[in-house]
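Just so we're clear, the structure is a prediction, and the values are computed from it rather than from any experiment.
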Amino acid sequence: MTSNPASVRPLRNVAIIAHVDHGKTTLVDKMILQAGLLRSNQAMQECMLDSNALERERGITILAKNIAMRYSGFKINIFDTPGHADFGGEVERTLKMADGVLLLVDAFDGPMPQTRFVLRKALEAGLPPIVVINKMDRSGARPAAVLDAVFDLMVALGATDHQLDFPVIYAAGRDGWANTLPEPSTNGLTPLFETIIKFVPEPRGDSEGPTMVQVAALDWNEFAGRIAIGRVLRGRVEAGKPLVVQRPDGGLTRVQPRKVMVFEGMGRETVSTVECGDVCALEGLDSIQIGDTLCSPDLVEALPRISVDEPTIAMVFQINDGPLVGTEGKLVTSRQIRERLERETLKNVALRLKDTGRADAIEVSGRGVLHLGILIEEMRREGYEFCVGKPRVLTHEENGVKMEPFESVLVESPERHAGKVIELFGQRRAEMEKLEPGPGGTVRLEFRCPARGLIGLRTRLLNLSQGEAVLSHIFAGWAPWTGALPTRGQGVMISVDLGEAVMYALEKLKDRGYFFVAAGDRVYEGMVVGEHSKLNDIEVNCCREKKLTNIRTTSADRKLYLPPPRVLGVEDALEYIEDDELVEFTPQSIRLRKQLLREGDRRKVRRQEAS
């Protein structure tokens with residue numbers, strides 16, 4: 001590979017992009033360690049940048065983060081981005097601040113669907129890539145084949161000749177080494193740092209011109225309020241110097257940052273001036289939004305807004321109108337729920353809100369079930385209590401034809417389960433595009449599937465493959481509506497009484513299916529307490545107690561046995577429900593229920609639909 005001419009400006013801005021679980025955050029951990037960002041008495045924890053509790057629990061990066069490190073007199077701003085396509089909005093706005101990207105690819109898996117997504121965004125932004133083939137210590141690593149696959153992918157995505165002339169680094173993030181050859185190095189990550197300095201271009205811009213900053217991210221704390229984060233594209237930002245905000249509607253607002261900061265190490269450092277090309281954080285801009293342009297009053301001009309792909313999934317958030325409302329959560333009103341969702345849209349650029357015509361409900365659109373599921377889990381932990389309806393895909397019409405979103409799906413499965421996987425996707429109206437053998441007795445199957453066909457698919461795929469199949473997907477485009485899809489296939493058991501579930505009653509019902517509740521759990525009329533073994537819904541009384549009599553029987557004191565209940569997570573519950581059901585979320589519980597709690601109301605609706 002050829003090299004770029006040496007640059008003299010000691011600043012580099014680089015984003016790290018990859019598929020989920022290809023080792024981005026682990027590699028950054030070793031870069032932090034070798035750059036000396038930790039004190040001698042400071043403990044090194046795993047995945048240091050995954051500071052969010054949900055990120056640590058799920059083992060994925062959800063929010064893009066940036067740090068700065070020093071190497072050989074150069075300051076390197078590093079942006080760690082999510083790998084999951086549902087959080088693509090984080091990737092798209094973060095790339096606005098970078099001059100180059102590190103593309104991490106697993107030495108065994110090779111390019112995956114989300115590798116294609118993040119790489120496409122980087123190439124569209126004109127950023128030069130540095131390919132890092134990571135996890136070289138993994139058994140079965142095949143770096144030569146992976147490198148060929150990456151090159152073919154770049155060609156397919158329309159990379160320029162300059163972008164195709166990329167440098168390659170071989171690394172093992174967990175072991176903390178990198179090398180220009182596919183063999184372990186004794187120099188730690190030094191080859192990686194030197195490659196970044198050599199191949200990532202220096203920031204461009206007129207450092208003497210009028211100030212221009214585009215806000216790419218927002219932070220917030222209870223003391224300083226809203227903090228705008230963005231790259232200085234022209235001129236310099238000075239503390240106390242007034243700026244003008246160019247609004248999307250063309251309006252102008254005069255602002256003055258209270259504090260100007262740059263990123264240094266793992267935190268921020270207050271400075272008097274931020275030079276062109278560096279990334280700054282500005283306090284005191286209370287009404288600022290992502291995509292706003294901060295300009296000098298001498299020259300006001302707006303940059304194009306940060307554009308992200310449109311949402312594909314929508315859900316209706318509404319107040320909890322069940323009998324247990326307010327017993328576990330503190331924030332339950334429609335005003336509180338709406339205000340929380342509106343605050344989320346300020347920093348989550350891929351989220352959309354839409355009125356439903358009802359005062360107690362609002363439609364929320366996002367990139368996928370996981371994207372909205374993370375929002376729901378955050379609200380639960382903050383004390384909110386609310387209900388959410390079944391996810392539905394967003395459609396539109398083109399030339400009178402109804403169009404729906406399609407996804408490119410990659411499944412890695414043991415060869416013995418391939419037939420079952422193909423049959424399952426066929427039921428969801430998916431088309432198989434490729435089948436090829438993989439390493440270790442596996443096969444790789446590629447499908448083009450309607451996005452609505454993926455709702456609830458992951459759980460069924462894991463069940464039929466005994467937990468061995470791996471599924472990845474990415475938005476592929478819009479195509480004509482393919483028709484109705486099969487529903488859940490089983491009915492549910494619905495409680496008819498308010499109280500606590502009793503072991504005696506549940507034991508009598510265990511042959512009807514399996515339960516979502518355990519003995520002692522609170523239930524109410526209209527709550528879904530289990531899955532019926534047949535297609536129809538049935539009403540059950542799981543609060544019925546054993547009558548006390550003075551008659552002795554041989555079975556009076558027999559031990560009751562009840563299988564453990566099925567515990568549903570946020571995404572599991574959202575994918576399970578049907579159109580006439582809701583998921584009730586509280587800080588302590590996740591419950592399934594019917595939209596109409598009373599059986600008489602549900603019967604009346606069924607008669608109206610039948611007529």
Side-chain angles (χ1 to χ4, degrees), residues 312-323 325 334 354-365 369 372 386-397 400-405 427-429 450-457 460 480-498 509 512-516 523-542 568 572-585 590-611:
T312 58
I313 294 288
M315 306 177 192
V316 174
F317 285 52
Q318 67 180 60
I319 61 170
N320 180 13
D321 57 359
V325 59
S334 59
K354 180 181 177 181
D355 284 326
T356 61
R358 295 165 46 193
D360 63 344
I362 184 170
E363 183 178 276
V364 183
S365 306
V369 175
L372 297 181
F386 54 96
C387 292
V388 178
K390 179 180 175 63
R392 65 175 184 84
V393 298
L394 298 174
T395 61
H396 67 270
E397 287 194 1
V401 178
K402 185 178 181 180
M403 309 291 284
E404 65 173 325
Q427 296 170 356
R428 301 299 179 107
R429 298 189 179 274
R452 57 197 170 99
L454 295 179
I455 298 176
L457 183 69
R460 295 193 61 187
W481 182 266
T482 55
L485 295 179
T487 57
R488 181 169 55 205
Q490 267 81 33
V492 292
M493 293 186 281
I494 308 166
S495 174
V496 297
D497 202 358
L498 172 66
L509 296 167
R512 299 293 189 98
Y514 60 82
F515 293 101
F516 302 137
V523 299
Y524 54 84
E525 181 182 7
M527 177 177 165
V528 175
V529 296
E531 181 177 288
H532 191 203
S533 57
K534 297 183 179 179
L535 298 180
N536 60 306
D537 296 348
I538 59 171
E539 284 72 38
V540 298
N541 184 0
C542 52
L568 297 176
D572 297 330
L574 291 172
E575 293 178 342
Y576 183 83
I577 59 174
E578 291 294 342
D579 293 332
D580 65 337
E581 296 166 352
L582 298 172
V583 184
E584 177 185 323
F585 293 104
I590 298 176
R591 304 184 182 98
L592 308 185
R593 49 161 284 188
K594 291 292 184 178
Q595 289 186 2
L596 300 175
L597 297 179
R598 298 181 58 188
E599 168 57 18
D601 295 336
R602 296 195 295 272
R603 191 182 302 117
K604 186 184 301 183
V605 170
R606 288 196 295 268
R607 285 199 300 265
Q608 291 174 352
E609 292 176 348
S611 61

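- Residues forming a salt bridge (charged side-chain N to carboxylate O under 4.0 Å, His left out) with Glu599 (at least two apart in sequence, or on another chain): Arg602, Arg603, Arg606.
- Minimum interatomic distance between Ala361 and Gln318 (heavy atoms only, all atoms of both residues): CB-CB, 3.8 Å.
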| task | Begin from the C-alpha positions of Glu581 and Val492 and carry the test side chain to side chain contact (heavy atoms under 4.5 Å, CB included) through to its verdict. | result | CA-CA 11 Å; Glu581 296 166 352; Val492 292; 3.8 Å; yes
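- Minimum heavy-atom separation, Gly491 to Glu531: O-CG, 3.6 Å.
- At least one donor-acceptor pair under 3.5 Å links the side chain of Arg429 to the backbone N or O of Ala484.
- Considering only residues two or more places apart in sequence or on other chains, Asp537 meets the salt bridge (charged side-chain N to carboxylate O under 4.0 Å, His left out) condition with Lys594.
- Put simply, CD on Glu584 and CG on Leu592 are 9.5 Å apart, with the number rounded to the nearest 0.5 Å.
- Considering only heavy atoms from C-beta on, Leu372 stays 4.5 Å or farther from Pro391 through its side chain.
- Taking NZ of Lys534 as the reference point, atom CD of Gln490 lies at 12.5 Å (rounded to 0.5 Å).
- Relative orientation of the Phe386 and Phe585 rings is tilted, given thresholds of 30° and 60° on the angle between their planes.
- Atom-to-atom distance recorded for Thr356:OG1 and Ile362:CD1 is 7.5 Å, nearest 0.5 angstrom.
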| said: Run the side chain to side chain contact (heavy atoms under 4.5 Å, CB included) test on Leu509 and Phe515 for me, step by step, so that the C-alpha distance in whole Å, both residues' side-chain angles and the decisive distance to 0.1 Å come before the verdict. | reply: CA-CA 9 Å; Leu509 296 167; Phe515 293 101; 3.6 Å; yes
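- For the atom pair Ser495 OG and Leu597 CG, the distance stands at 10.5 Å (nearest 0.5 Å).
- With contacts defined as side-chain heavy-atom distances shorter than 4.5 Å, the pair Ile590/Val583 qualifies.
- Looking only at side-chain heavy atoms (C-beta outward), Lys402 and Pro480 stay at 4.5 Å or farther from each other.
- With sequence neighbours excluded, no residue forms a salt bridge (charged side-chain N to carboxylate O under 4.0 Å, His left out) with Arg598.
- The closest side-chain heavy-atom distance from Val523 to Cys542 is below 4.5 Å.
- In this structure, CG on Asp572 lies 10.0 Å from CZ on Phe516, to the nearest 0.5 angstrom.
- Under the rule for a side-chain hydrogen bond (donor to acceptor under 3.5 Å, both in side chains), the partners of Glu404 that lie at least two apart in sequence or sit in another chain are Arg452, Thr482.
- Taking all atoms of both residues into account, the shortest heavy-atom contact from Leu574 to Gly389 is CD2-O, 4.3 Å.
- Scanning for side-chain hydrogen bond (donor to acceptor under 3.5 Å, both in side chains) contacts around Asp360 gives Arg358, with sequence neighbours left out.
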| said: Pair Glu363, Arg392 - check salt bridge (charged side-chain N to carboxylate O under 4.0 Å, His left out), show working. | reply: CA-CA 11 Å; Glu363 183 178 276; Arg392 65 175 184 84; 2.6 Å; yes
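- For the pair Gln427 and Arg460, the minimum side-chain heavy-atom distance is below 4.5 Å.
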| said: With side chain to side chain contact (heavy atoms under 4.5 Å, CB included) as the criterion, how do Arg512 and Val540 come out once you've worked through the C-alpha distance, each side chain's angles and the decisive distance to 0.1 Å? | reply: CA-CA 10 Å; Arg512 299 293 189 98; Val540 298; 5.5 Å; no
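- The two residues Ile313 and Ile455 come nearest to each other via the heavy atoms CD1-CD1, 4.2 Å.
- If you take CE on Met493 and CD on Glu539, they are separated by 12.0 Å, rounding to the nearest 0.5 Å.
- The ring-ring contact (aromatic ring centres under 6.0 Å, His included) test applied to Tyr524 returns no partner, not counting sequence neighbours.
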